[in-house]
Amino acid sequence: MSENKFMQKAIELARQSGADVPVGAVVVNSKNGEIIASAHNEKEKRNDVTAHAEILAIRNASEILGNWRLDDCELYITLEPCPMCAWAILQSRVKTVYFGSSDSQYGALGSVIDLRKFGSASSLKVYSGILEEECDNVIKEFWKKKRCEK
């Protein structure tokens, strides 16, 4: 199943987040199944509140494609997007989002709110729970390590 392959790549990226909350994102061309761009959280590294994995991956994909419209793209993310990222996803016209872990605090594609309901004519498809246990474990390990450091 290709969803697992791309989510596995997102998980690998999440593990590279260093001091940042481990979130990975992969943009895939839905026509040929090739990875266009990928990123992990870099908010702490860049000292930039907008440096979430999804935003960075969307920026990279837009630059590579020479177009902000990502109509033929799918996005794989280890954690449900926050409102900022969900809105960027909607605005970029990504076709489909697959995410692993739901976010009960900030999830904006179904868990807390669903920003698709606020978009004018959003046709964004969302699938959750892709390799959910692995995605959950990456975040749990991060916070466990943080607590031990204190």
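In this structure, Tyr106 places its OH atom where only 12 or fewer heavy-atom neighbours from other residues, nucleotides or ligands lie under 6.0 Å away. When the shell of 6.0 Å around CD of Gln16 is examined, it contains more than 12 heavy atoms from other residues, nucleotides or ligands. Residue-environment remark: CG (Asn47) stays at or below the threshold of 12 foreign heavy atoms within 6.0 Å.
Closest of all the heavy-atom pairs between Ser111 and Ser102 is OG-CB, 3.4 Å. Listed here is the closest heavy atom pair of Asp20 and Lys45: OD2-N, 3.4 Å. The minimum heavy-atom distance linking Cys73 with Val94 is given by the pair O-CG1, 3.5 Å. Across all their heavy atoms, Leu124 and Ile89 have their closest contact at CD2-CG2, 4.0 Å. The minimum heavy-atom distance between Leu109 and Pro81, with the atom names listed, is CD1-CG, 3.7 Å. The shortest non-hydrogen separation linking Met7 to Tyr76 is N-CD2, 4.2 Å.
With hydrogens and angles left out, the side-chain atoms of Asn41 and Ser17 include no donor and acceptor closer than 3.5 Å.
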(request) Determine, stepwise, if the pair Glu134 / Gln8 fulfils side-chain contact (heavy atoms from CB on, under 4.5 Å). (result) CA-CA 9 Å; Glu134 285 184 63; Gln8 198 63 54; 3.3 Å; yes

(request) Before giving the answer on side-chain contact (heavy atoms from CB on, under 4.5 Å), spell out for Leu70 and Trp68 the whole-Å C-alpha distance, their side-chain angles and the decisive distance to 0.1 Å. (result) CA-CA 6 Å; Leu70 303 180; Trp68 62 267; over 6 Å; no

(request) Begin with the C-alpha distance, continue with both residues' side-chain angles, and end with the deciding distance and a verdict on side-chain contact (heavy atoms from CB on, under 4.5 Å) for Ile77 and Glu54. (result) CA-CA 7 Å; Ile77 318 157; Glu54 303 93 310; 3.7 Å; yes

(request) Show your reasoning for whether side-chain contact (heavy atoms from CB on, under 4.5 Å) applies to Asp71 and Lys95. (result) CA-CA 6 Å; Asp71 318 78; Lys95 186 178 188 176; over 6 Å; no

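Put simply, the side chain of Thr78 gets close to the backbone of Gly24: a donor and an acceptor are under 3.5 Å apart. Not a single donor-acceptor pair under 3.5 Å links the side chain of Asp136 to the backbone N or O of Ser101. At least one donor-acceptor pair closer than 3.5 Å links the side chain of Glu80 to the backbone N or O of Gly110.
Val23 and Ile55 are assigned to two separate hydrophobic clusters, defined by single-linkage of ILVMFWY side chains at heavy-atom distances under 4.5 Å. A single hydrophobic cluster is not seen to contain both Leu75 and Leu56; linkage of ILVMFWY side chains at heavy-atom distances under 4.5 Å, directly or through other members, places them apart. Hydrophobic clustering (ILVMFWY, side-chain heavy atoms < 4.5 Å, transitive): Val112 and Met84 are in distinct clusters.
Under a 4.0 Å N-O distance rule, the pair Arg15/Glu141 qualifies as a salt bridge. Looking at Arg116 and Asp114, a side-chain N of the basic residue comes within less than 4.0 Å of a carboxylate O on the acidic one, giving a salt bridge. A salt bridge links Lys31 to Asp72: at least one charged side-chain nitrogen sits closer than 4.0 Å to a carboxylate oxygen.
To the nearest 0.5 Å, the span separating CD1 on Ile58 from CD on Glu63 amounts to 14.0 Å. Rounding to the nearest 0.5 Å gives a distance of 4.5 Å between CG of Asp103 and CG of Leu79. Here the CZ-CH2 distance, from Phe118 to Trp87, works out to 8.5 Å after rounding to the nearest 0.5 Å. To the nearest 0.5 Å, atom OH of residue Tyr98 and atom OG of residue Ser128 are 12.0 Å apart.
Side-chain contact between Glu44 and Glu42: absent, with no pair of heavy atoms (C-beta onward) separated by less than 4.5 Å. The side-chain heavy atoms of Lys144 and Ile139, taken from C-beta on, include no pair separated by under 4.5 Å. In this structure, the side chains of Phe6 and Ile35 come closer than 4.5 Å at one or more pairs of heavy atoms. Contact annotation: the side chain of Val21 approaches that of Phe142 to within less than 4.5 Å [non-hydrogen atoms, C-beta and beyond]. Under the 4.5 Å side-chain criterion, counting only non-hydrogen atoms from C-beta, Leu90 is in contact with Leu115.
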